[in-house]
Visitor: 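Sharing a structure here in structure tokens format.
Proteins get letters first, then strands, A, B, ... in listed order; numbering begins at 1 in each. What's counted below: heavy atoms across the whole structure, side chains too, no hydrogens, waters or symmetry copies.
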Amino acid sequence: MLNQSYIQVQKQSLRPLTTAHIAQTMSLLLLNGQELKQKIENELSSNPALEVVQNYPCPTCGRLFPRNRSCPVCSHNSEVNDNSAIIFVSPRSDFYGVKKSSSDETYDPEEYMVSSEDLHTYVFRQIAPDINQEDIPIAKHILSSLDKDGLLEQSDVEIAQYHHTSLSRVNNILSIIQRVDPIGVASRSPKEALLVQLDVLSENYEVPPLAKSIVSDQLELLSRHSYTEIGRIYGVPSQEIMATGKFIIDNLNPFPARTHWGNQRTEPHSNQTYQNPDVIITETSKPTKKFIIEIVSPYSGQLKINSLYLEAIKNAPKEKAEKWQKDLEHAGLLIKCIKQRNNTLVRFMRLIVDLQRNFILNGDTHLKPITRSYIADELNVHESTISRTVAGKTIQLPNKKIIPISKLFDRSLCIRAEIRKIINEENNPLSDSKISTLLNERGYNVARRTVAKYRSIEGILPARLRQNTINPTQI
DNA sequence: CTATGGCACGGATT
DNA sequence: AATCCGTGCCATAG
């Protein structure tokens, strides 16, 4: 109820009035959390009319809210009529990463780790005993130039120059760092990370003989699962290559820091980093299982027009008055637009959660195929608005997986999942056409050719090659 | 001969 | 208008 009234208030005051308004709203909608954060920070530093009012934590759950608003989750009494989701905008500046613990009964801000800082200190603690006192600044420098995947952004040469030291010294330090826990961290490329991981692994385990060579020379082909191709190059049966490939996929991680994001599957076609969700879905505790949907606002409070500024402008000196007035309008516009953006997001999510409830709870097989234009129709907005809403944003499901919102519109996903299921269940290999008829029986209308395509997307080998392999335990 | 992957076309989606 | 996706045809590997 509370959240509803909140939304209505917004609706009234938020009709876009000018073209500038619309244009800005649109461009804001396109941004994801991080980009928005950037934008707001820029704005804050350049426009004195804008200020951020701190939020206050809800005493029971710790979520942050503006002073006069109570927490919709805690103030929500469970006997309320409908089973619609609790949905609200949740401001947070330092939100990064995934909730680590699996129990989500209570919300504990401590459980949300701050990825970047934590990665630094985490790694640093490990290497500290192994490096010389005088190398510490260099090590710190290296750690601070890691990107969110744990890869090194700056070149080793640059770092060496910066510290007026030799390249080999830097590389020495690098190799120490690379061998501590997120193994391969501070590598210069995914390939290097893989190689380091192989190296470390081979000290204690048996590694397929070709693994190293494949990673260093044929990574391109490997990422496309062209096992036969690679096999031809090395003159070995593709079964062997595929076993090696499986080993690599199962045991290595091209983006070292992502091991911290739970068991995030390395999606076959993604180089993108999905780290800060723009929307978080969790569930309330047992009896009334409702979704709690948080639209994450990337700034730590509420954006407002600075009241001091309002006062000051009244007796502004003549020559400044015009500029000040302009700043003021600009700030007001931005605030409105951001609210509009949030409003759209809220409406969008409400509908999505309703439609895809099964998917959110039960996983890929239950995804309903939905198009953006359908959503646009339902919400009475233009298609492109939905496109913008979806673009580049991510969402965290109750099972802690972070997925791009666009996945919710993937028409093929549920069929791919179904194929995976079929292949995992049947123990004698089925040919593509058999799978195709099987799918048709179950109501999925797909051609044989398409099955083949999906298979390769999923990284599943053709029937003949599946013969002798130990059942693929990919989940 | 069968199963599969490549290329490319057309229709849908964004 | 640009892009993505499913599918059909054909060549090729087994």
Side-chain angles (χ1 to χ4, degrees), chain A residues 22 25-32 218 220-242 245 267-272 344-345 348 351-352 355-356 364 367-395 403-420 422-423 426 428-440 442-469 472:
Chain A
I22 295 171
T25 309
M26 287 311 169
S27 71
L28 283 179
L29 204 53
L30 190 58
L31 305 178
N32 66 22
Q218 311 298 340
E220 252 296 290
L221 291 173
L222 185 70
S223 67
R224 277 188 271 122
H225 301 286
S226 313
Y227 298 111
T228 15
E229 182 83 352
I230 301 174
R232 210 176 298 135
I233 292 169
Y234 288 96
V236 297
S238 49
Q239 279 96 327
E240 187 178 340
I241 303 295
M242 108 108 201
E267 299 287 338
H269 41 261
S270 75
N271 318 324
Q272 294 163 8
T344 311
L345 235 40
F348 173 81
L351 183 58
I352 288 290
L355 289 170
Q356 301 287 22
D364 289 0
L367 183 75
K368 267 197 218 167
I370 299 198
T371 66
R372 291 161 172 80
S373 46
Y374 173 76
I375 302 286
D377 252 16
E378 291 290 303
L379 292 180
N380 281 322
V381 294
H382 196 276
E383 291 173 331
S384 64
T385 309
I386 302 299
S387 282
R388 283 185 249 259
T389 312
V390 172
K393 297 194 188 57
T394 56
I395 175 174
I403 59 164
I405 294 187
S406 56
K407 193 170 169 178
L408 295 170
F409 295 93
D410 191 329
R411 276 164 296 160
S412 62
L413 192 74
C414 57
I415 305 181
R416 295 209 307 260
E418 199 65 39
I419 291 176
R420 236 183 312 166
I422 290 176
I423 291 179
E426 298 299 341
N428 55 328
L430 295 165
S431 74
D432 286 350
S433 35
K434 295 231 180 74
I435 295 175
S436 171
T437 50
L438 253 162
L439 283 171
N440 280 315
R442 300 191 192 186
Y444 300 103
N445 210 351
V446 270
R448 178 238 113 208
R449 189 63 190 78
T450 313
V451 175
K453 271 258 155 64
Y454 288 168
R455 238 197 28 249
S456 70
I457 293 177
E458 292 295 323
I460 301 171
L461 286 175
R464 337 161 132 267
L465 299 179
R466 268 183 272 134
Q467 296 279 1
N468 307 321
T469 43

Visitor: Ignoring the backbone of Pro462(A), work out which of dT7(C), dC5(C), dG5(B) is nearest its side chain.
Guide: dG5(B)
Visitor: To the nearest 0.5 angstrom, please state how far the CG atom of Asp410(A) sits from the CG atom of Leu367(A).
Guide: 7.0 Å
Visitor: Using a heavy-atom cut-off of under 4.0 Å over every strand shown, decide if Tyr374(A) touches base, sugar-phosphate, or nothing.
Guide: nothing
Visitor: Whole-Å distance between dG6(C) C1' and Asp410(A) CG?
Guide: 13 Å
Visitor: Report the nucleotide, chosen from dC9(C), dA3(B), dT13(B), that has the shortest atom-to-atom distance to any side-chain atom of Arg411(A).
Guide: dT13(B)
Visitor: Compare side-chain N and O positions of Arg455(A) against OP1 and OP2 of dG5(B) and report whether any pair is under 4.0 Å apart.
Guide: yes
Visitor: Need one value for Ser384(A): base, sugar-phosphate or nothing, where a base atom within 4.0 Å counts as base even if backbone is also close, heavy atoms only.
Guide: nothing
Visitor: Any base atoms under 4.0 Å from Arg372(A), or only sugar-phosphate, or nothing? Heavy atoms, all strands.
Guide: sugar-phosphate
Visitor: The side chain of Thr371(A) is closest to which nucleotide in this list: dG6(B), dA3(B), dT14(B)?
Guide: dT14(B)
Visitor: I'd like to know if Arg448(A) reaches the base of dG6(C) with its side chain such that a donor and an acceptor end up less than 3.5 angstrom apart.
Guide: no
Visitor: What pair of heavy atoms forms the shortest contact from Ile370(A) to Phe409(A), and how long is it?
Guide: O-CD2, 3.2 Å
Visitor: Let me know the distance between NZ of Lys453(A) and C1' of dC9(C), rounded to the nearest Å.
Guide: 12 Å
